[in-house]
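One structure is given here, and the rest of the page talks about it.
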Protein chains: 2
Amino acid sequence: MKNRIREMRKAIGLSQEDLASGCDVSRQTINAIENNKYDPSLLLAFRLAEQLRCRVDELFIYQDNPEAQQD
Amino acid sequence: MKNRIREMRKAIGLSQEDLASGCDVSRQTINAIENNKYDPSLLLAFRLAEQLRCRVDELFIYQDNPEAQQD
DNA sequence: AAGATATGTCAAATACTTTTGACATTTTGT
DNA sequence: ACAAAATGTCAAAAGTATTTGACATATCTT
């Protein structure tokens, strides 16, 4: 699933490290999610949206190609 | 994290099985999430919101007791 | 009361998310 | 050009989500 984390993080002027500590996760986790290695847990998605001052559905772009597995 | 899945599912008149097949997951998964055994993945959260015709942030109640682990 | 449908729950297996530590590469500031 | 800060990436381990199959209990319908 695509996301706008990098875009919104930079708009606020945060580093990956800043965002990581704000969400109480590691920097590698933020990096992996920005680079679409995997999707965050629902809890982390909410924390990210909170830190980036938007809603979960504004931060993540849900486009389900029906019945296919996501990358 | 609490959620309103059961409430909204019943409002639409779906069984756990109906919702499960609409989201392409097992009935047990829906049951476990409704009974707060664990949180769904972000992808499943979006599918649930889609099936229940609401937004992710309307379906799940995010209340982070700062820096504590969720149940 | 009987049968059908719906829900709760368990255990074991598999897949996915996150962590830590480490090191390489890229970008920024002076 | 140099140093510092930021980002990319890897591997191994731990934690979390989901599946299947099975069986129990509850709730609805006739």
Side-chain angles (χ1 to χ4, degrees), chain A residues 1-57 59-71, chain B residues 1-57 59-71:
Chain A
M1 181 153 43
K2 285 183 184 167
N3 68 71
R4 296 188 175 135
I5 296 175
R6 180 164 324 198
E7 173 191 347
M8 294 188 145
R9 173 175 64 77
K10 291 199 167 175
I12 299 188
L14 297 177
S15 67
Q16 292 183 345
E17 178 63 48
D18 294 334
L19 182 54
S21 62
C23 293
D24 202 28
V25 294
S26 70
R27 178 182 68 79
Q28 287 87 333
T29 294
I30 300 298
N31 186 80
I33 294 166
E34 283 193 355
N35 288 298
N36 286 288
K37 298 294 166 53
Y38 48 74
D39 290 333
S41 67
L42 182 59
L43 177 58
L44 179 49
F46 271 104
R47 285 178 174 166
L48 286 164
E50 180 180 47
Q51 292 295 310
L52 298 173
R53 303 184 181 89
C54 64
R55 290 199 314 257
V56 167
D57 62 292
L59 197 47
F60 296 91
I61 296 138
Y62 171 62
Q63 285 205 54
D64 222 348
N65 31 337
E67 317 311 290
Q69 263 35 251
Q70 237 65 6
D71 81 293
Chain B
M1 182 153 42
K2 284 183 184 167
N3 68 70
R4 297 188 174 135
I5 295 175
R6 180 164 324 199
E7 172 190 347
M8 294 188 145
R9 173 175 63 76
K10 291 199 166 177
I12 299 189
L14 297 175
S15 67
Q16 291 184 345
E17 178 63 49
D18 294 333
L19 183 54
S21 62
C23 293
D24 202 27
V25 294
S26 70
R27 178 182 68 79
Q28 287 87 333
T29 294
I30 300 298
N31 187 79
I33 294 166
E34 284 194 354
N35 288 299
N36 287 287
K37 297 296 166 53
Y38 47 74
D39 290 332
S41 67
L42 182 58
L43 178 58
L44 180 48
F46 270 105
R47 285 178 174 167
L48 286 164
E50 181 180 47
Q51 292 294 311
L52 297 174
R53 302 184 181 88
C54 64
R55 291 198 314 256
V56 168
D57 63 293
L59 197 47
F60 296 91
I61 295 139
Y62 171 62
Q63 284 204 55
D64 222 347
N65 32 337
E67 317 310 290
Q69 263 35 250
Q70 238 64 6
D71 82 292

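Below, chains carry the letters A, B, ... as their sequence lines are ordered, and counting in each starts from 1.
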Report task. Scan B:Val56, B:Leu42, B:Ile61, B:Asp64 and name whichever one has a side-chain contact (heavy atoms from CB on, under 4.5 Å) with A:Phe46. Result -> B:Val56
Requested in this report: Check whether more than 12 heavy atoms from other residues, nucleotides or ligands sit under 6.0 Å from atom CZ of B:Arg55, and answer yes or no.
Outcome: yes
Query raised in the report: Out of D:dA17, D:dT19, C:dC23, which nucleotide sits closest to the side chain of A:Arg27?
Result: C:dC23
Query raised in the report: Is the distance from OP1 or OP2 of C:dG8 to the nearest side-chain N or O of B:Arg6 less than 4.0 Å?
Result: yes
Requested in this report: Rounded to the nearest angstrom, tell me the gap between atom CD in B:Glu17 and atom P in D:dT19.
Outcome: 12 Å
Requested in this report: Round to the nearest Å and state the distance from B:Leu42 atom CG to C:dT17 atom C1'.
Outcome: 12 Å
Query raised in the report: For B:Ser26, which contact category applies under a 4.0 Å heavy-atom criterion: base, sugar-phosphate, or nothing?
Result: base
Query raised in the report: Taking only N and O in the side chain of A:Arg9, is any of them less than 4.0 Å away from OP1 or OP2 of D:dT7?
Result: yes
Requested in this report: Return the value, rounded to whole Å, for the distance between atom OH of A:Tyr38 and atom C1' of D:dA14.
Outcome: 13 Å
Requested in this report: Taking the side chain as every heavy atom from C-beta outward, state whether B:Ile30 and B:Leu48 have any pair of such atoms under 4.5 Å apart.
Outcome: yes
Query raised in the report: Has the side chain of A:Asn3 got a donor or acceptor atom that lies under 3.5 Å from a matching backbone atom of A:Ile33?
Result: yes
Requested in this report: Just call it for A:Thr29: base, sugar-phosphate, or nothing, with non-hydrogen atoms closer than 4.0 Å on any strand.
Outcome: base
Query - D:dT9 OP1/OP2 closer than 4.0 Å to side-chain N/O of A:Lys37 - result: yes
Query - Interatomic distance, B:Leu44 CG vs D:dT19 P [rounded to whole Å] - result: 8 Å
Report summary line: Which of C:dG8, C:dT18, C:dT17 is nearest the side chain of B:Gln16? It is C:dG8
Requested in this report: Examine the base of C:dG21 for any acceptor or donor lying under 3.5 Å from a partner atom in the side chain of A:Gln28, and report the outcome as yes or no.
Outcome: yes
Report summary line: note: A:Glu34, atom CD; D:dA6, atom P; distance rounded to Å ~ 13 Å
Query raised in the report: Are B:Asn31 and C:dT9 close enough that a side-chain N or O sits under 4.0 Å from OP1 or OP2?
Result: no
Requested in this report: Provide, to the nearest angstrom, the distance between the CG atom belonging to B:Asn36 and the P atom belonging to C:dT7.
Outcome: 16 Å
Query raised in the report: Hey, does B:Ser41 reach any base, or is it just sugar-phosphate, or nothing, if we go heavy atoms under 4.0 Å?
Result: sugar-phosphate
**Report entry** Criterion side chain to side chain donor-acceptor pair (under 3.5 Å) against A:Asn31, the qualifying member of A:Arg6, A:Gln16, A:Lys37, A:Glu17
**Finding:** A:Gln16
